[in-house]
Amino acid sequence: MSEQKLQSQTVQTTGHAWDGDLQEYNNPLPVWWVYTFYATVIFAIIYWTIYPSWPIGKGWIGGASDITYVNSAGETKTHSWNTRALLLEDLNQAAAEQKPYFDKVSAMSYAQIAKDPEMNGFILSAGKALFADNCAPCHQAGGQGVAGFFPNLTDDDWLYGGSYDRIHETLMVGRRGYMPAFNEVLAGEQIDQLANYVAKLSGIGHDATKAAAGDALFHSETAACYYCHSSDGKGRKDIGAPNLTDNIWLWANVPATDAAEGKVAAIRSVIANGLNKGVMPAWAGRLSPEQIKVLTVYVHELGGGQ
């Protein structure tokens, strides 16, 4: 083979060399690959222009057709096709389909809704969606809550009452639970006595001697626990004070431990440190009255309300 032919088949270098033997070759991309790349760039520019993605003033670049929809203010709007306008059209169409049902909810009493099979189906569907969007981040998708943070809505134990009216009030105005920290006013031994007495109220293993002393302290003016939790320990729904006799726990994560000592320790921690995190926002103004009413019925049925 001639030297000229060998040179033509030899890969060209860029002229960069290191240590004499190490060279940088020049291997250009195949022509078909280069032209394919150019084609994709041209396609991207054309698609970028035609597809309505860039707002210009009050309009959009491109758009194959117009979309007409009614906004939340009742105004009819026409837009060149874009995904935002398409979403608004879909949302408004869904709202229009649901409006007759929400109107019925508004006009009916809770008792009437509970007896109407058609409305029960709507409550289950619309209520589940509203709950998922607004309530599930705290109370979880099934309403089971998170111990130590958010109440369980499925156990029929209601801090503020489980009637339709009380649930509606809770949704409208929100709630703010509070319990003072008793480590500022009681000695460690006294807090331990109270913890054992509270454990006794729910049938949890406890020290009988300490529980007896805790009983006296619970009903004394020194601790005055009875003022919020009532003298029988069953709580007060008017202020959201929990029932201490039903072995259902929110703030003290008693179920997290099997040993009686661990359960008493969890109760002791709450008594000592108090609580100032039981905050639920008010939904009035965030949701429509009809949506709050739907949620009221949905939440009521989650826990077999009162």
Side-chain angles (χ1 to χ4, degrees), residues 138-140 142-163 166-167 170 175-280 299 302-306:
C138 292
H139 295 285
Q140 307 300 295
Q144 68 271 25
V146 179
F149 293 96
F150 311 110
N152 184 345
L153 303 179
T154 67
D155 58 9
D156 201 25
D157 182 70
W158 303 89
L159 291 176
Y160 293 90
S163 66
R166 293 295 282 173
I167 296 173
T170 297
R175 300 296 185 186
R176 186 177 185 89
Y178 173 76
M179 174 177 166
F182 281 90
N183 60 7
E184 300 176 0
V185 295
L186 297 178
E189 182 181 1
Q190 291 175 307
I191 292 175
D192 197 41
Q193 292 168 350
L194 280 175
N196 277 272
Y197 175 65
V198 172
K200 176 185 177 182
L201 287 176
S202 281
I204 296 172
H206 58 279
D207 183 301
T209 302
K210 292 181 179 180
D215 185 352
L217 192 59
F218 187 95
H219 296 92
S220 72
E221 294 302 319
T222 302
C225 305
Y226 72 92
Y227 180 77
C228 291
H229 294 285
S230 72
S231 59
D232 57 4
K234 293 186 177 180
R236 288 177 52 187
K237 289 184 171 59
D238 57 324
I239 59 174
N243 183 348
L244 303 178
T245 68
D246 57 9
N247 203 18
I248 295 176
W249 304 92
L250 169 58
W251 303 117
N253 195 3
V254 171
T257 177
D258 294 328
E261 294 81 1
K263 296 180 185 298
V264 172
I267 299 170
R268 183 190 304 116
S269 177
V270 172
I271 297 172
N273 301 313
L275 293 164
N276 193 23
K277 58 183 179 180
V279 179
M280 174 178 165
V299 171
L302 277 178
Q306 302 160 357

> When rounded to the nearest 0.5 angstrom, what distance separates CZ in Arg268 from CD1 in Ile191?
Replying inline: 9.0 Å

> Which heavy atom in His219 sits nearest to a heavy atom in Ser231, and how many Å separate them?
Replying inline: NE2-O, 2.7 Å

> What do you reckon, is CG of Asp258 surrounded by more than 12 foreign heavy atoms closer than 6.0 Å?
Replying inline: no

> CG of Leu186 to CG of Asp192: how many Å apart, nearest 0.5 Å?
Replying inline: 12.0 Å

> Which pair of non-hydrogen atoms, one from Cys228 and one from Ala241, has the smallest distance, and what is that distance?
Replying inline: O-CB, 3.1 Å

> Can you find a heavy atom in the side chain of Asn152 that is under 4.5 Å from one in the side chain of Leu250?
Replying inline: no

> What orientation do His229 and Phe218 show, parallel under 30°, tilted 30 to 60°, or perpendicular over 60°?
Replying inline: tilted

>> How long is the straight-line distance from CG of Asn253 back to NZ of Lys263, given to the nearest 0.5 Å?
In response: 9.0 Å

> Roughly how far, to the nearest 0.5 Å, is the CG atom of Asp232 from the OH atom of Tyr226?
Replying inline: 13.5 Å

>> Can you give me the closest heavy-atom contact between Ala252 and Ala266, atom names plus distance?
In response: CB-O, 3.8 Å

>> Using side chain to side chain contact (heavy atoms under 4.5 Å, CB included), reason through Gln144 and Phe150 one step at a time and then give a plain yes or no.
In response: CA-CA 9 Å; Gln144 68 271 25; Phe150 311 110; over 6 Å; no

>> Apply side chain to side chain contact (heavy atoms under 4.5 Å, CB included) to residues Tyr227 and Arg236 and explain how you reach the verdict.
In response: CA-CA 9 Å; Tyr227 180 77; Arg236 288 177 52 187; 4.1 Å; yes

>> Show, in sequence, the C-alpha distance, side-chain angles and deciding distance for Trp249 and Ser202, and conclude whether the side chain to side chain contact (heavy atoms under 4.5 Å, CB included) test is met.
In response: CA-CA 10 Å; Trp249 304 92; Ser202 281; 3.6 Å; yes

>> Under a 3.5 Å distance rule, please check whether Thr245 uses its side chain to pair with a backbone N or O of Leu201 as donor and acceptor.
In response: no

> Can any side-chain N or O of Arg166 pair as donor or acceptor with the backbone N or O of Lys237 at less than 3.5 Å?
Replying inline: yes

> Side chains of Tyr160 and Arg175: does their closest heavy-atom pair fall under 4.5 Å?
Replying inline: yes

> What pair of heavy atoms forms the shortest contact from Ser220 to Ala223, and how long is it?
Replying inline: OG-N, 3.6 Å

>> So, taking the atom named CG in Leu217 and the one named CG in Leu194, what distance separates them when rounded to the nearest 0.5 Å?
In response: 4.0 Å

> Do the non-hydrogen side-chain atoms of Asn273 and Trp251 ever get within less than 4.5 Å of each other?
Replying inline: no

> If you measure from CG on Leu275 to CZ on Arg176, what distance do you get to the nearest 0.5 Å?
Replying inline: 11.5 Å

> At their closest point, which heavy atom of Pro151 faces which heavy atom of Leu159, and how far apart are they?
Replying inline: CG-CD1, 4.3 Å

